[in-house]
Structure formats: structure tokens, C-alpha cells
Amino acid sequence: MSHTDETPNDLPPNFIRDRIVEDRQAGKNGGRVVTRFPPEPNGYLHVGHAKSLCLNFGSAAEFAGRCHLRFDDTNPATEELEYVEAIKADVRWLGFDWGEHLFFASDYFEQLYAYAVALIKAGKAYVCSLSADQIKEYRGDFHHKGKESPYRGRSVDENLDLFARMRAGEFADGEHVLRAKIDMAAGNINMRDPPIYRIKHAHHHRTGDKWCIYPMYDYAHCVSDAIEGITHSLCTLEFEDHRPLYDWILDQLDVPCHPQQIEFAKLNFTYIMLSKRRLLELVRGGQVKGWDDPRMPTLSGMRRRGYTPEALRNLCERVGVSKHNSVVDVTLLEHAVREHLNATSRRVMGVLRPLRVVLSNWPEGQVEWIDAPYFADDPARGTRRVPLGRELFIEHDDFKEVAVKGWFRLSPGAEVRLRHVGIVRCDEVVKDAAGEVVELRCTLDPATRSGGPQSGRKVKGTIHWLSAAHALPIEARLYDRLFLSESPGDVGPGGHFTDNINPRALEVVHGAFVEPSLADAVPGTRVQFERLAYFCVDPDSTTELRVFNRTIGLRDSWAKQEGK
RNA sequence: UCGGGGAUCGUCUAAUGGUAGGACUGCGGAUUCUGAUUCCGCCUAUCAAGGUUCGAAUCCUUGUCCCCGAACCA
């Protein structure tokens, strides 16, 4: 059988798509494909979730099926409404639409309870009154079989009564638990009579105080899948040995269908931390400013940083789906981001660390507005007007008093092209009392003006610039990788993952400027500062001062060469 | 001394008994009014040992290494 039999487009093959194709050819589920993305609302979504989102929504779309968004909110202790709303926003931002199919496991609490009663009646579940410690002890370990709870033989009637009273709130947390009656000698510890309901007197963000017993993941997830008519329940590798339990529960119950659980490997990147627990620690510890801090690998952080949903989706496609524990090189992420930004971002000029330049042969007070294309290779995509006057700012890094080998930029006596203008020569270097270079005096060769007779004259370097009189002050936030270590989670004895934090993951630059065309740029606007980096306007911007986040730098082969 | 998974270029992945391919990275070069982009080229892989076969990454055997699992978390 070929993988491409049914696949509409040239998507790269993967084992899950193969399975779905097989199932359809075998006529399973009437050929329907229904998947679900089931986050627990206890944190923000991150790039790892993007993979699951792409897989679940992508597989459904590919086979004209549907994908549900279901919040797995069975643990009131950790879940909050704030997370629910943030997750919905992030899923939408990534470009996925669940339509009518928004669900909450908590919507099924009543049904889940009824199925549990059925399980008890069938003699497949019992109320256990061992303490948590005792249950753990009775469970055994990898090398020893478990032993049966003394409460395992309780009668159906007694179990029914106790379970009803658990629900009624007659017992304190931990007094009883409902357990599936399976096999205490099973090699798979998940099958050793796992608890499926616990007593928890806690306020739930949706059901309030209606319930004081809550279903456990292993019980709630498979039944929720069945209730919704899910056909393929995709989850990560660590649930592989939960699958027998998933199947066991559904086999005992008279549920509408029996979905197939399929496991795939989580997404990991070098230099990126994706543990929810640790991300929460960064937020709570103040190492970052919040879940949407642009240094965070959360979808909201990446959005604010300037990453695009297209880039992330494309990344997921490139990464593929398999069962290997893989660590993707972060450069692949960076490549995906640059690739999309390169195709879509308007080119503008911004100067991070200004150095004053006076064009000595330019008349005092004269201003010329230059029509400059946003995309040099395709002027049809639009132009903006850029003012040129006698006093300019150029990038301090574009001047060296003593030129080194391979230096194409400005130095005393050297010529360089001013982007969209023409060739200038540096005639004089002005220093302050401390010997710091504070100004350059240059002459512009009028014959080399863009569009002029000698505009084709070659010089090695082209630099960006701004008219000092028109330059708009901005705050630039230069972001870099949050961690210095390739595997931030690997810490030696006594170490902590925060030890690996890059202290320069954020550098705030005051005194930077951009061209006046950006005066009205709204938050979320993405542009390329030519020769520097891609930037995105931050929501912190005010009418007086815009804040630009550096999304990612342009590749810089000069810096690389210089570093050698 | 258990159960469940996994081993293909540096990295992520394809090849489903028939030419080990792609992408990213790296390294060269060309073009360039962005040292960007684009284009071209190069480097580099089947965990090991046996076996089956005309032919093995793929099938069999035996090893080795790695990951996950003992919450009233998900």
C-alpha cells in the first residue's frame, strides 16, 4: 500500500497518517476521522502543544473530519479560568478552528458518574478505604507484584452506597477512593486496580462546589473520547502503558464507540525548556515577566516576540511525527521563523546605536523625501517616503576608525553606499574630549544617487541610515535564547535549571530610532530593520514611545567571519 | 530483577525485500543598493554480530544502548 493513496496533498508521510489511511480502507468508523486536542487548563500552551495541535487538527482536516477542543479539567486544584481563555486564544492564533466542538470533561461529570455506577454494578469497581500510603504500599513495585486491598471484596450494594455517599460529601478527602478491579499482579502497574475517583473538596472553575469527587485522568479521558465519538485519540509516548487501561475501561462499559489511542513523541528543542512545571516556576519566580514574555516558548510569548503561526505550522510539518524521543535543533525553529518573516516583512530602516553623520555638501535645511520600496525586489508591493537631510544617524557598528581586513563599511577615507541614496565618503572623524567618536563628516557623490547616471557604481558596502531631524525615538528590546545550555533541563547535582538562564536574553536599548513611516505602527506589526533583524511592535508601546521586540536577527556572515 | 517503547547523516525525518532521499546545521562559491534573500556545490548515516535471500535499514536470532512507567497529577 502506498502512503499517498488517500493523501490530498504532498504532506510528508508519518505513521499516524498511515494508521488512519489503513483504518479508512478497512472501513472503520465508517471512514470518519474525529480527533481532539485535550489540554488541561493549568498553564499556557507552548510550542510542544503546537505539534499536537497541528497533528490533531491537521489529521482531521486532511480527511474531512473534525477536531474537538476539549479541556481536561478534572483536577480543580490546579486549573483556572484564565488558562482556559488563554488556551482558546492561542489555538485560534495558531490558525485552528474547533467550530461548535468546544467541550469540557467537567461537562461529562454526571455521565462519568453514571458509568462509574455501571462499573460498580458489573463488579468491576470497588470503593477502597485504604489510605494513600497504604495503596501505594499494596501496589508493589517494578519487581514485586501488588497485593489485593482488603476492601476489594466489598459487595456491589456496599460499593454503591459508599460511592453515593462519597458524592454526597459524607467523607473527608482521602477517606475513600473508587478503584477499578483489574489485576494486582499485572506487570503493568497501571492495571493494578487504579483509582478512578477521588474525594476532593475543592472549588472547580466551572462546576463550582457541585462536586466533591472527581474522576481521574485514566477514567475520564477514554470515556470522554467515547462520548464525543473520537476515532483517533492521539497522545504522547508516556501514555503508552496507559493504553491497556484505556481499552479495559471502554471494554467494560456500554459506550457509544471505542476510540483508538495512538502515541507519538513529544517535541523538544535544544536551548528550550518545555516543562510546564518549570515554565510556571519561571513565571512565579519572576525570571520572566509572565507567560507571554517574549523569552518564553509559550505560544503567547512567541506571538508577542513576533513569531508567526505560519512559521510554527511549517515547523511542525518539517519536524514530522514519529515515536523517537527527539530533540530538534533550535536552528530549525529559527529557520522557519526567518523563512516566513523574510517573505512577508516590509523592509524599513532603524538605527539601534546612532552615530551622527553630517553630509557636508548637502544644503543646510534642505529635506528630500525619497520613495523607497518596502521590498527591493518587488516595488509593486508598496513604497514609503523616507526623508533625507544634512544630518543623519548611522549605526555605530558600521564605522571603524581602523578598518580591518574584509571591512566593507565606513572608515576614514572609505566609501559606502547609503541605502536608497548614493555613495558617501568619510572625510573627517569628530571626537569628544574623551576621545570617543561622536560625529562623521561625509560627502555625498551626487552622480551616484539612486536612479542617477552612476547609480551602478560598485562599492562593497551598503548601510542603513536615518534623517536625524525626522528619526522617531523608540525602545528596542533585543531578545535572545533564554538558556545558555543546549539542554537546559540537564543540571548537575545540586544545580538548578535556572542556573542556565542567559542573563542577556533581554537587552533593552534606549535611544534607538526608526524612520517616520513607522509612526503609526500598531502592536503586532512585524517589519525587518534592514541589515539587522526582524522586529515586532510590542503592546507596551505608547503614542509617545513605541517598543520594538527583536524577533530574530538576520543571519550575519560578517559576524561569523569576524569571530573566526 | 518487571512492564511498555525506541535505535538511519551533527539534528529532525524518508525509503514498508530492489539506486539510503529530503530538510536544518556546517563548509565553500555565484549574484546582490540588506555581509540579508536567492542560487550552486561539498561534507556526513542504517547500534553490533550472526542468519535467511539473487538482493536486507527493512525479515529472523542473539546482544548492546537509550527513553517512559510504581500521584488519590495529567
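Scope of the values below: all heavy atoms of this structure, side chains included, with no hydrogens, waters or symmetry mates. Protein chains get the first letters and strands the later ones, always in sequence-line order, with residue 1 at the start of each. These numbers were taken from a predicted model, which means no experiment stands behind them.
- Where A/Phe15 and A/Arg347 each meet RNA chain B at their nearest nucleotide, the meeting point lying more 5' is that of A/Phe15.
- Relative to the six-membered ring of A/Phe375, A/Arg347 misses at least one condition, a distance below 6.0 Å or an angle of at most 45° to the axis.
- In this structure, the nucleotide among B/rA74, B/rA23, B/rC73 sitting nearest to the side chain of A/Arg318 is B/rA23.
- Regarding contacts with the backbone of B/rC73, every side-chain N or O of A/Thr78 stays at 4.0 angstrom or more from both OP1 and OP2.
- Within 4.0 Å (heavy atoms only), A/Leu332 reaches sugar-phosphate atoms of the nucleic acid but no base atom.
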For nucleotides 68-70 of chain B, tabulate all protein N/O to nucleotide N/O atom pairs closer than 3.5 Å, reporting atom names and distance.
residue, atom, partner, partner atom, Å
B/rA70, O2', A/Arg139, NE, 3.3

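- Listed pair A/His335 / B/rC24 meets the phosphate criterion, a side-chain N or O lying under 4.0 Å from OP1 or OP2.
- B/rU44 sits 28 Å from B/rC59 when the C1' atoms are compared, rounded to a whole Å.
- In this structure, B/rA23 and B/rU11 make a Watson-Crick or G-U wobble pair, each of the two defining distances being under 3.5 angstrom.
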Report the C-alpha distance between A/Lys181 and A/Asp193 in whole Å, list the side-chain angles of each, state the deciding distance to 0.1 Å, and finish with yes or no for salt bridge (charged side-chain N to carboxylate O under 4.0 Å, His left out).
CA-CA 5 Å; A/Lys181 191 190 283 187; A/Asp193 289 10; over 6 Å; no
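- Glycosidic conformation at B/rA14 (O4'-C1'-N9-C4 for purines, O4'-C1'-N1-C2 for pyrimidines): anti, more than 90° from 0.
- You'll find the ring centres of A/Phe548 and A/Phe529 inside the 6.0 Å limit.
- A/His221 and A/Tyr246 have tilted rings, their planes meeting at an angle from 30° to 60° on a 0 to 90° scale.
- Nucleic acid contact for A/Ile135: base, since at least one base atom lies under 4.0 Å from a heavy atom of the residue.
- To the nearest whole angstrom, the two C1' atoms, one in B/rU32 and one in B/rC40, are 15 Å apart.
- Taking side-chain N and O atoms only, A/Arg555 has no distance below 4.0 Å to OP1 or OP2 of B/rU38.
- The P atoms of B/rA14 and B/rG22 are separated by 15 Å, rounded to the nearest whole Å.
- For the pair A/Lys266 and B/rC67, the criterion of a side-chain N or O lying under 4.0 Å from OP1 or OP2 is not met.
- The partner of B/rG3, taking Watson-Crick or G-U wobble pairs whose two distances both stay under 3.5 Å, is B/rC68.
- For A/Arg531 and A/Asp398, the salt-bridge test passes: some basic side-chain N is under 4.0 Å from an acidic carboxylate O.
- Counting any heavy atom pair closer than 4.0 Å across all strands shown, A/Met191 reaches no nucleic acid atom.
- B/rC27 and B/rC9 have their C1' atoms separated by 15 Å, given to the nearest Å.
- If you check distances only, the side chain of A/Arg409 does reach the base of B/rG35 with a donor-acceptor pair under 3.5 Å.
- Comment: A/Glu238 engages A/Lys266 in a salt bridge, judged by a side-chain N to carboxylate O separation of less than 4.0 angstrom.
- Place A/Val328 and A/Arg243 on RNA chain B by their nearest nucleotides, and A/Arg243 ends up nearer the 5' end.
- Comparing B/rA74, B/rA36, B/rG35 by their closest approach to the side chain of A/Arg198 singles out B/rA74.
- In this structure, A/Lys458 does not pair ionically with A/Glu415, as no charged nitrogen and carboxylate oxygen lie closer than 4.0 Å.
- Of the side-chain N and O atoms in A/Lys460, none sit less than 4.0 angstrom from OP1 or OP2 of B/rU32.
- In a base pair of the Watson-Crick type (N1 to N3 plus N6-O4 or O6-N4) or a G-U wobble (N1-O2 and O6-N3), with each distance short of 3.5 Å, B/rC43 is matched with no nucleotide.
- A/Arg154 forms no cation-pi arrangement with A/Tyr126, by the criterion of a distance under 6.0 Å to the ring centre and an angle within 45° of the ring axis.
- Side-chain atoms of A/Tyr214 come within 3.5 Å of backbone atoms of A/Ala202 as a donor-acceptor pair (strictly under, hydrogens ignored).
- Nucleotide B/rU52 has no partner under the Watson-Crick or G-U criteria, as no pair reaches both atom distances under 3.5 Å.
- The residue A/Gly406 sits close to a base: some heavy atom pair falls under 4.0 Å.
- Backbone-only contact: A/Lys458 has heavy atoms under 4.0 Å from sugar-phosphate atoms and none from a base.
- Close to B/rA74, at under 4.0 Å from its OP1 or OP2, lies a side-chain N or O of A/Thr74.
- Stacking here means ring centres nearer than 5.5 Å and ring planes tilted less than 30 degrees, and by that measure A/Tyr217 does not stack onto B/rA74.
- For the pair A/His324 and B/rA7, the criterion of a side-chain N or O lying under 4.0 Å from OP1 or OP2 is met.
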Can you check nucleotides 39-46 of chain B for protein contacts, nitrogen or oxygen pairs under 3.5 Å, and list what you find?
none

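- The pair A/Glu515-A/Arg385 fails the salt-bridge criterion, with no side-chain N (NZ, NE, NH1 or NH2) lying under 4.0 Å from an Asp/Glu carboxylate O.
- Across the P atoms, B/rU58 and B/rG3 are found 26 Å apart, a figure rounded to whole Å.
- If you look at A/Phe483 and A/Phe269, their ring centroids are not closer than 6.0 Å.
- Using a 4.0 Å heavy-atom distance criterion, A/Gly174 is classed as a base contact.
- Relative orientation of the A/Tyr197 and A/Tyr113 rings is perpendicular, given thresholds of 30° and 60° on the angle between their planes.
- Within the 4.0 angstrom heavy-atom criterion, only backbone atoms of the sugar-phosphate kind lie near A/Lys200; the bases stay farther away.
- Looking only at distances, no side-chain donor or acceptor of A/Arg36 sits under 3.5 Å from a matching main-chain atom of A/Ser224.
- Nucleotides B/rG6 and B/rC47, compared at atom P, are 14 Å apart to the nearest Å.
- Residue A/Val459 is out of contact with every strand shown, counting any heavy-atom pair closer than 4.0 Å.
- Candidate nucleotides B/rU34, B/rC72, B/rG35 were compared by shortest atom distance to the side chain of A/Val177, and B/rC72 ranks first.
- When distances run from any side-chain atom of A/Asp329 to the nucleotides B/rG35, B/rU13, B/rU11, the shortest one goes to B/rU11.
- Rounded to whole Å, the P atom of B/rG35 lies 36 Å from the corresponding atom of B/rG21.
- Ranking B/rG35, B/rU11, B/rC12 by closeness to the A/Gln561 side chain, first place goes to B/rG35.
- Close to B/rU11, at under 4.0 Å from its OP1 or OP2, lies no side-chain N or O of A/Thr331.
- If you take atom C1' in B/rU13 and the same atom in B/rA45, they sit 12 Å apart, rounded to whole Å.
- Contacts of A/Gln528 with the nucleic acid, taken as non-hydrogen atoms under 4.0 Å apart, include base atoms.
- Dashed line: the shortest gap from a side-chain N or O of A/Ser326 to OP1 or OP2 of B/rU13 is under 4.0 Å.
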